[in-house]
Asks: 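Here it is, the structure, as C-alpha cells.
Sequence positions, counted from 1, serve as the residue numbers for this chain.
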Amino acid sequence: MSKVVIKECKEYDVSQIYQRLKEALESLGGIENIITKEEKILLKPNFMAAREPEKVVTTHPAIFEAVVKYLRDMGYSKIYYGDSPGTGAPLKASRVTGTYEVAEKYDIPLLEFRKGKTVTFEDGVFARQFEIAQGALEVDAIINLPKMKSHGFMRITGATKNIFGCVYGFNKGISHTKFQDPYEFAGMIADLNRLLKPRLHIMDGIIAMEGNGPGSGTPVAMNTLLISQDSIALDSTFARLIDLDINYVPIIIKGTEMGVGVSEDHEIELLGDSLEKMLNRSFDVERLPVKDERVSFDGKIKPFKNLLLRKPVINKKLCIKCGICVESCPLEEKALTFSGELGKSFPKYDYNKCIRCYCCQEMCPKEAIDVKTPLLGKLLVYRD
Ligand code: SF4
Ligand code: SF4
C-alpha cells in the first residue's frame, strides 16, 4: 500500500500551506523518517519556462516557501533548489517564477542545472544513459514540487514527469527524438525516476492548469495539495480527482509496470480530505487514449495521417513571430521553420516530419499553439 495525502488549501498563503503540509507529513510518519537531517536536499520545483506565477505554468513560490520554512523549523539546514527549464537559464526562470526572491530570503542556493554529466543506469529498461544536471547529482535526497497540469502529449503532467527537469538543457528535447512513442517516452521517465529515486512529492494543485497544458492552458482552482512518497500513486490520485481514466496516462501505466509505484485504488491509502470533496469532473483534459502515433506514421494510415493524427496548430492572432517554437523543435531537420525572415512571417509546420512531441507548444510564450485532434482521428484513431 502507498499513502497519498489530499489536503484542501484554497489560497497561496504560506502559513496555510505550512499547516497542511505539517499535518500531511505527520500522517505519513514524519519527515525525519523520510530524510535525515544530515542529508543534502534538493527542492525540485517545476520551472518549465520563465513564466509569472499567475500563468500557472510553474510551481507557485508560496509552496516553495512553505516547504523551506517547514524544513528549517524541523532542523534541516542543507537545503538547495534547482530545475532545468525547456529553454533559457534556470536563474531567469527562478526570478520570473518568484522563487528566487524566496530563496534569497531564506538563503537557499540555486544549484547548477545548466550543465551536468552522462550517468549510466545499467538497470534501465528503456534508457540506460541520462544527461543529469550537476545539481541533481550533488544531493542526497530530492523533494519534488510538481505542478498539477494537463499535458498535450501525456494527458497530465504531475510528480513522475516533473523529475525530467533533472535532465539538463536541450538533452530533454533530444530525448523526445529518441523516445517518440509516448509509451517509450513514459518508460524513459520511469527509468529516470528509478535512477534518481525522489523521496517525497508535494504537488501544487491549488490553482492548476487545464486545457492546452502544460504551457498554454487555463488556470483552474483545484484547491488541493497532494503529498506522497509514491509519485505514481500521487499521479493516479490526480487523475482520479479529475475523473480521468488512469489507463489514458502512459506515465502511470509504465511507472506501475516498472515498479516506480502503484496505481490501483486498492493499493493506495488516501489520507486527509476526501477525494469526492475535491473531485472536478469537468477538468478540461483530453479524455482519449494515447496512441503510438509512430506506428500510425509507418502503418497503413500513412497517406491520411495529417487528417487523422493530433497536431500542433499556430493561432496567428496570438503569434508574435518570436521563433521560440522553431528553436524548441528537437529534430535536427526541424519540422517547424520560418518561410521568410525571422520576425516577419509566421512559422510553418511540416506535419510529415513532425513527431508530435509538442515541445513547440510547451515553449510558446504567447499561448499561440494549440494541439488539435481532427474529428476523423477522434472517430478512427483515438478510441479504446
Ligand atoms: S513561439 Fe509562439 S509566438 Fe513565438 S513564433 Fe512560435 S507560435 Fe509564434
Ligand atoms: S514541430 Fe513541434 S511537435 Fe513537431 S516535432 Fe517539432 S517541436 Fe515537436
Side-chain angles (χ1 to χ4, degrees), residues 49 86-87 126-127 150-155 157 164 170-189 211-217 248 250-251 286 288-383:
T87 58
F126 287 84
S150 55
H151 196 281
F153 185 45
M154 295 274 113
R155 297 291 176 262
T157 176
F164 194 36
F170 203 60
N171 293 302
K172 288 190 288 301
I174 294 169
S175 299
H176 278 285
T177 64
K178 282 193 199 155
F179 303 97
Q180 296 182 15
D181 161 37
Y183 292 93
E184 286 179 6
F185 183 82
M188 177 274 293
I189 297 282
N212 194 22
S216 307
Y248 291 174
I251 279 179
E286 191 81 279
L288 297 168
V290 173
K291 295 289 177 179
D292 180 351
E293 290 167 346
R294 191 194 46 175
V295 168
S296 308
F297 273 122
D298 300 335
K300 52 182 181 285
I301 69 161
K302 195 170 177 180
F304 313 105
K305 68 173 187 263
N306 295 328
L307 294 172
L308 295 166
L309 296 185
R310 283 156 54 77
K311 57 188 173 195
V313 177
I314 291 178
N315 178 342
K316 291 183 178 168
K317 284 190 185 136
L318 298 176
C319 175
I320 55 162
K321 305 169 186 167
C322 67
I324 291 175
C325 52
V326 176
E327 198 187 304
S328 310
C329 180
L331 298 179
E332 212 170 301
E333 218 181 294
K334 302 224 182 240
L336 183 58
T337 50
F338 279 105
S339 42
E341 229 179 288
L342 174 70
K344 295 214 168 140
S345 61
F346 293 106
K348 223 170 159 241
Y349 283 103
D350 180 341
Y351 290 118
N352 292 324
K353 284 186 195 157
C354 174
I355 59 168
R356 273 69 170 173
C357 68
Y358 308 119
C359 291
C360 51
Q361 177 242 4
E362 279 188 27
M363 289 303 136
C364 171
K366 291 290 164 192
E367 301 167 15
I369 302 177
D370 291 318
V371 177
K372 300 220 162 146
T373 310
L375 184 63
L376 264 183
K378 281 187 189 172
L379 295 171
L380 301 173
V381 180
Y382 301 96
R383 50 188 188 132

Asks: Which pairs would a plain distance check flag for residues 365-376, meaning a side-chain donor or acceptor within less than 3.5 Å of a matching protein atom at least two apart in sequence or in another chain?
Replies:
from, atom 1, to, atom 2, distance (Å)
Asp370, OD1, Asn212, ND2, 2.9
Thr373, OG1, Glu286, OE2, 2.9
Thr373, OG1, Arg310, NH1, 3.3

Asks: Would Glu184 and Lys178 satisfy side-chain contact (heavy atoms from CB on, under 4.5 Å), going step by step from the backbone distance to the final call?
Replies: CA-CA 9 Å; Glu184 286 179 6; Lys178 282 193 199 155; over 6 Å; no
Asks: Is Ser150 reaching over with its side chain to a backbone N or O of Gly213, donor-acceptor style, under 3.5 angstrom?
Replies: yes
Asks: Would you check, one step at a time, whether the test side-chain contact (heavy atoms from CB on, under 4.5 Å) holds for His176 with Cys359?
Replies: CA-CA 9 Å; His176 278 285; Cys359 291; 3.4 Å; yes
Asks: Verify the ring-centre separation between Phe185 and Phe153: is it less than 6.0 angstrom?
Replies: yes
Asks: Rounded to the nearest 0.5 Å, how far apart are CZ of Phe164 and OG1 of Thr157?
Replies: 10.5 Å
Asks: Where is the tightest heavy-atom contact between Leu288 and Lys378, given as atom of each residue plus distance?
Replies: CD1-CG, 4.3 Å
Asks: Just by modelled atom types, is the Cys357 backbone N or O under 3.5 Å from a matching donor or acceptor in the Gln180 side chain?
Replies: no
Asks: Donor-acceptor check, side chain of Arg155 to backbone of Pro289, threshold 3.5 angstrom: yes or no?
Replies: yes
Asks: Are the side chains of Leu308 and Leu380 in contact, using a 4.5 Å heavy-atom criterion?
Replies: yes
Asks: If we only count heavy atoms from C-beta on, is the Lys353 to Leu336 side-chain gap below 4.5 Å?
Replies: no
Asks: If you define the side chain from C-beta out and look only at heavy atoms, does anything of Pro214 sit under 4.5 Å from Gln361?
Replies: yes
Asks: Run the ring pair (Phe, Tyr, Trp, His ring centres under 6.0 Å) test against Tyr248 and tell me which residues pass, sequence neighbours left out.
Replies: none
Asks: Which value, rounded to the nearest 0.5 Å, describes the distance between Ile189 atom CD1 and Met154 atom CE?
Replies: 7.5 Å
Asks: Keeping the roles fixed (side chain from Tyr351, backbone from Pro312), state whether a donor-acceptor pair exists under 3.5 Å.
Replies: yes
Asks: Heavy atoms only: give me the nearest Phe179-Ala127 pair and the separation to one decimal.
Replies: CZ-CB, 3.8 Å
Asks: Can you list the steps and then say if Tyr183 with Val290 is a side-chain contact (heavy atoms from CB on, under 4.5 Å)?
Replies: CA-CA 9 Å; Tyr183 292 93; Val290 173; 3.9 Å; yes
Asks: Output a table of donor-acceptor pairs, distance under 3.5 Å, between side-chain atoms of residues 316-332 and any protein atom two or more places apart or on a different chain; print 'none' if there are none.
Replies:
from, atom 1, to, atom 2, distance (Å)
Ser328, OG, Ile324, O, 2.7

Asks: For the atom pair CZ (Phe126) and CE (Met188), what is the distance rounded to the nearest 0.5 Å?
Replies: 10.5 Å
